[in-house]
Structures are given as C-alpha cells and as structure tokens.
Amino acid sequence: MSTYKSVLNTIRRHREFLVTTHHNPDADAVSSALAMAMFLKSMGKKVCVLNEDACPQWLKFLPGTSMFKKVSDVKKVDYTAAIVLDCGDLKRVGGVKKFIQEGKPLINIDHHVTNDKFGSINVVAPKASSTCEMIFDLFKEAGHPLNKNLALLLYAGIMTDTGSFRFENTSAHSHAVVEKLMAFNFSAARMYDHLYVGIPVKDMKLFTDVVHKARLLYGNKVFCVPLPRRVVERFSKSFDLKEKLFTFLRSVEGIEVVVILTELSPKEVRVNLRSQNDFDVASLAQQFDGGGHKKAAGCKIYRPLLQAQKIICSAIHKKL
C-alpha cells in the first residue's frame, strides 16, 4: 500500500492534473475533489476537475463548485497525472474513464473497504470516516495550511458521510479533525441547514407519496423503494431524494436494510443499499459488480425496474 508521502512526491513531479470522483457524486466526493483541486492550484498546478455528472444543485453553495465540470462538456483533457477520489473501482468514474491514459500516474485515494486498488499509487483507508478526512491527513502530511474554504469543504464531506456524526464510521480522529476545521469559525448549524433542511412543499408531498408506496418486506426487516424515472423527474433538482429516504426509513424500528432502486433507463437500475446491525451490504453489492462499505453500498442491475427489484430483494432475503 502506498503512503501520503508517495502521493505528495508524485504531485511535486507533475504540473497538470485530472481530478475525478464517482458518478452521481455526493458531498464527500464533490468536496474531496474540490479541496484537492484547491490544494494543487495553490502549488501552481494546472487542474481539471471532471465528473460523469454535473455538480448536484444541492451542493452548489460549497466554495469552488464552478471548477466542477461535466464530462459531456469537455472534448479534451491535457494532464500528466490523474487523481481519483472516493471510488472503489475505476468503473465508477463513468465517462471520465475514456480520458485516463495508461502509462500515466494514477493516484487512488479512497475509504471503501471494497476498493480494488486500481491505481499505480493507492492510499486506501477503510477505517477513515470519509475521503475528506483522508484529504485532511494528506494536507497535514504536506504541511499545507488550511483556510476557511478548505475547512468548509472537508467539514461537509465528513459531516455527510458520518450521518452528522451518528454512524459507526465516526471515530475519535474524525472528531479531532472536525475540531481543527471548526477553528475557522463557520456555522455548523448553517451547514446542516444547507445540506438537510429547507424541503420545498411540492417535494414534501411527492416524498410522502414515495414513502407510502415503499414495500416493507421479510417480517418488516427490509424497506424496498422503487423509483421510476417519471417519479424522480418530478422532484426539484435541489432535493436529494435518495439521502432523504435513507435518513427517514433507517429510523424505523426493526429495519435492517433499506434498498432504493432508481431507474436510469428501461434496462438499467442503480441500486443503493443501507443497513443496520450486522447486515453487510458491501458483500451483497459485490455480487452485482458493485461495492462500498459494510453499511452503505451500491451497484447496478441491467434489467427492467421490477425485475431488478425482485433480484436484489431475493439476494437480501438469502442473507437475512
């Protein structure tokens, strides 16, 4: 396994960087990519931050999001080293993969236990709460000073990946890092409001309808939520439907697994999984060429929505 020193040595030797993360990026992915880009730019490097998808509307309040480019808007990327963040495997970068060239350094920084170490340099820390926590450690190793923008980004990633410091991945080190970030005197309450509060009335009505149609299975241990494209498209772009569903449904007594199936096309379904207690959704996702963490994972099933629902629910039932 590589170290932060090897990452920094590679960074010092190169001037042009491609920085990317997984498709459908969450706060940890966006924030770690932007923080890395700011770090590189402070060293006089040229940086292209590229993703399969645009920066989610609900994260546009974060500093530096104008750097975040969608791959379909870019025809060419000149770089000498690539940095992939928060990705368990290289496929998760989606269309950005076509720009990644063999023979050039590929730095892989990630905290997923299922990471397959696809880089030429791999720093994988499954015990880290988030990739943003790892980026903090990288900056510390580099002796790079923090500023308010970096603190905001890293806090957003750590806060969301720990479920506001409620999940088991929250460690003493996570809290120690946050203590350093909070020294920059931003409002944690305002950050929480940006990320979790302020649901439009229209979205709230649609949300309650989705919850009402969710299926409670296997002795009330599993919540299954199928999301047809026509339903998802009715929500505001600023509304993070998936995370709102997970936050709400995981709080129901006795629930061990929540599965959300999002229809991407007539024969492509994104499956997101969250679990409680000892149920390992990472190993489940790996059965379908996916991955993640023990209690938060995902995959894709290339079948119509109803078929995908039957397939994943059957696999969950076998593991209960």
Side-chain angles (χ1 to χ4, degrees), residues 21-30 51-59 70-72 86-89 91-95 112 114 160-161 163 195-196 199-200 202-217 222-250 252 255 257-275 281-282 284-293 295-316:
T21 183
H22 59 80
H23 61 80
N24 191 34
D26 56 10
D28 189 36
V30 170
N51 194 270
E52 169 76 10
D53 301 297
C55 180
Q57 193 69 31
W58 61 282
L59 293 174
K70 188 176 180 180
V71 70
S72 59
D86 202 37
C87 278
D89 61 73
K91 290 179 294 184
R92 295 209 71 208
V93 303
H112 292 92
T114 56
T160 51
D161 256 31
L195 292 168
Y196 296 112
I199 301 174
K202 181 196 78 169
D203 290 321
M204 191 68 240
K205 290 180 178 179
L206 292 170
F207 179 79
T208 55
D209 187 50
V210 168
V211 171
H212 178 70
K213 292 177 180 177
R215 297 185 64 198
L216 197 53
L217 305 170
V222 178
F223 252 124
C224 180
V225 187
L227 295 174
R229 287 182 71 181
R230 68 179 185 278
V231 171
V232 175
E233 289 169 355
R234 294 172 66 192
F235 285 87
S236 305
K237 289 183 178 180
S238 61
F239 185 76
D240 188 4
L241 174 59
K242 182 185 69 176
E243 287 306 319
K244 294 290 192 299
L245 283 168
F246 279 134
T247 300
F248 181 73
L249 296 178
R250 286 175 80 175
V252 177
I255 291 297
V257 184
V258 178
V259 54
I260 297 175
L261 300 103
T262 306
E263 183 183 43
L264 303 178
S265 70
K267 289 188 178 181
E268 182 182 5
V269 176
R270 183 172 61 236
V271 180
N272 294 101
L273 300 145
R274 299 291 185 273
S275 67
V281 290
L284 177 67
Q286 282 185 303
Q287 295 178 30
F288 301 94
D289 207 22
H293 307 287
K295 297 194 174 183
C299 60
K300 283 185 179 180
I301 296 178
Y302 295 91
R303 294 287 189 277
L305 182 59
L306 290 179
Q307 287 184 28
Q309 179 178 311
K310 289 178 181 178
I311 290 168
I312 195 68
C313 288
S314 175
I316 291 169

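- Counting heavy atoms from C-beta outward, His212 and Thr208 have side chains that stay 4.5 Å or more apart.
- The closest donor-acceptor contact from the side chain of Asn24 to the backbone of Asp53 lies at 3.5 Å or more, if one exists at all.
- One finds the CD1 atom of Ile312 at 4.5 Å from the SG atom of Cys299 (value rounded to the nearest 0.5 Å).
- Between Val225 and Val210 there is a side-chain heavy-atom pair separated by less than 4.5 Å.
- For the atom pair SG of Cys87 and NE2 of His112, the computed distance is 8.0 Å after rounding to the nearest 0.5 Å.
- Residues meeting the ring-ring contact (aromatic ring centres under 6.0 Å, His included) test with Phe207, sequence neighbours left out: none.
- The NZ atom of Lys310 lies 13.0 Å from the CZ atom of Arg303; values are rounded to the nearest 0.5 Å.
- Ion pairing between a basic and an acidic side chain is recognised when a charged N comes within 4.0 Å of a carboxylate O; Lys205 and Asp209 show no such pairing.
- In terms of heavy atoms, Tyr196 sits closest to Lys244 at O-CE, 3.6 Å.
- Heavy-atom minimum distance, Ala297 versus Val281: CB-O, 3.5 Å.
- Within 6.0 Å of NZ in Lys202 there are more than 12 heavy atoms belonging to other residues, nucleotides or ligands.
- Counting heavy atoms from C-beta outward, Val211 and Phe248 have side chains that approach closer than 4.5 Å.
- Across every non-hydrogen atom of Pro228 and Glu263, the tightest pair is CA-OE1, 3.5 Å.
- Asp203 contributes no side-chain N or O that, together with a main-chain N or O of Phe235, makes up a donor-acceptor pair within less than 3.5 Å.
- Put simply, the side chain of Phe239 does not reach to within 4.5 Å of the side chain of Leu206, judged on heavy atoms.
- Note that the CG atom of Asn272 and the NZ atom of Lys300 stand 10.5 Å from one another [nearest 0.5 Å].
- Residues passing the ring-ring contact (aromatic ring centres under 6.0 Å, His included) test with His22, sequence neighbours excluded: none.
- The residues Lys91 and Asp289 are annotated as salt-bridged, a charged nitrogen and a carboxylate oxygen being separated by less than 4.0 angstrom.
- In this structure, OG on Ser236 lies 10.5 Å from CD1 on Ile199, to the nearest 0.5 angstrom.
- Pro56 has its side chain within reach of Pro25: a pair of non-hydrogen atoms, C-beta onward, lies under 4.5 Å apart.
- Listed for the Thr114 side chain is a donor-acceptor partner under 3.5 Å among the backbone atoms of Gly292.
- Side-chain atoms of Gln286 never come within 3.5 Å of backbone atoms of Gly291 as a donor-acceptor pair (strictly under, hydrogens ignored).
- A pairwise comparison of heavy atoms in Phe223 and Val252 identifies CE1-CG2, 3.9 Å as the closest pair.
- For the pair Asn51/Thr21, a side-chain contact is recorded, criterion being any heavy-atom separation below 4.5 Å from C-beta on.
- For the pairing with Cys224, the side-chain contact (heavy atoms from CB on, under 4.5 Å) check across Ile316, Leu261, Leu216 returns one residue only, Leu261.
- The shortest non-hydrogen separation linking Glu52 to Lys70 is O-CG, 3.7 Å.
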>> If you apply the rule side chain to side chain contact (heavy atoms under 4.5 Å, CB included), what do you find for Leu249 with Ile260, and how did you get there?
In response: CA-CA 11 Å; Leu249 296 178; Ile260 297 175; 5.8 Å; no

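- Distance check: Ile301 CD1 to Gln309 CD gives 10.5 Å after rounding to the nearest 0.5 Å.
- Using a 4.5 Å cut-off on side-chain heavy atoms (C-beta onward), Leu241 and Thr262 make no contact.
- The backbone N or O of Glu243 lies less than 3.5 Å from a partner atom in the side chain of Thr247, making a donor-acceptor pair.
- With respect to Arg229 and Glu268, no salt bridge is recorded, no charged nitrogen being found less than 4.0 Å from a carboxylate O.
- Scanning both residues, Val269 and Pro304, for their nearest heavy atoms gives CG2-C, 4.2 Å.
- A distance-only check finds a donor-acceptor pair linking the side chain of Asp26 to the backbone of Ala29 [under 3.5 Å].
- Tyr302 pairs by the ring-ring contact (aromatic ring centres under 6.0 Å, His included) definition with nothing, not counting sequence neighbours.
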